[in-house]
Amino acid sequence: MSTPPRPRLEGHPPTPGPRIAEPAGAASGGGAPKVVGRKAVPVAVRPDQQTGDGRYPIAWLTISAPRGATPSATSVCECGRNLFAAGHRKALALIADHADHKARCPLRADQEGAAA
């Protein structure tokens with residue numbers, strides 16, 4: 001459906017109707033449009049330059065307790081553990097179990113034994 005034509009305002013020239021878009025002329029006067037990024041820049045991936053002590057995280061505990069909503073907790077470990085709990089009591093039990101898992105995890109036990 002088309003809109004009805006508006007009356008012409010005094011002192012303003014009439015606006016032309018819709019036109020087909022035309023490409024803008026080159027500002028540099030070269031005539032040909034410039035192409036950005038003609039050559040691909042090779043990106044070298046360097047190893048991490050930070051010198052660490054060899055430790056890295058293997059277990060994560062994520063707790064979400066929004067105000068007025070049901071709290072939840074997720075316990076994930078690289079040994080294959082992936083547990084989720086929703087509700088106050090279940091989330092607190094999973095938090096305690098995650099802390100206990102630190103002593104039982106075979107990946108963490110190997111790291112602690114290697115340091116000794």
Over all atoms of both residues, closest heavy-atom pair of Cys77 and Cys105: SG-SG, 3.6 Å
Non-hydrogen atoms of Ala73 and Ile95 that approach each other most closely: CB-CG1, 4.5 Å
Contacts table for residues 59-69: side-chain donor-acceptor under 3.5 angstrom, sequence neighbours left out:
none

Transitive ILVMFWY cluster of Leu83, excluding itself - 4.5 Å side-chain cut-off: Leu94
Within residues 81-93 or reaching into it, pairs that qualify as side-chain hydrogen bond (donor to acceptor under 3.5 Å, both in side chains) - sequence neighbours excluded: Ser75-Arg81, Arg81-Asp97
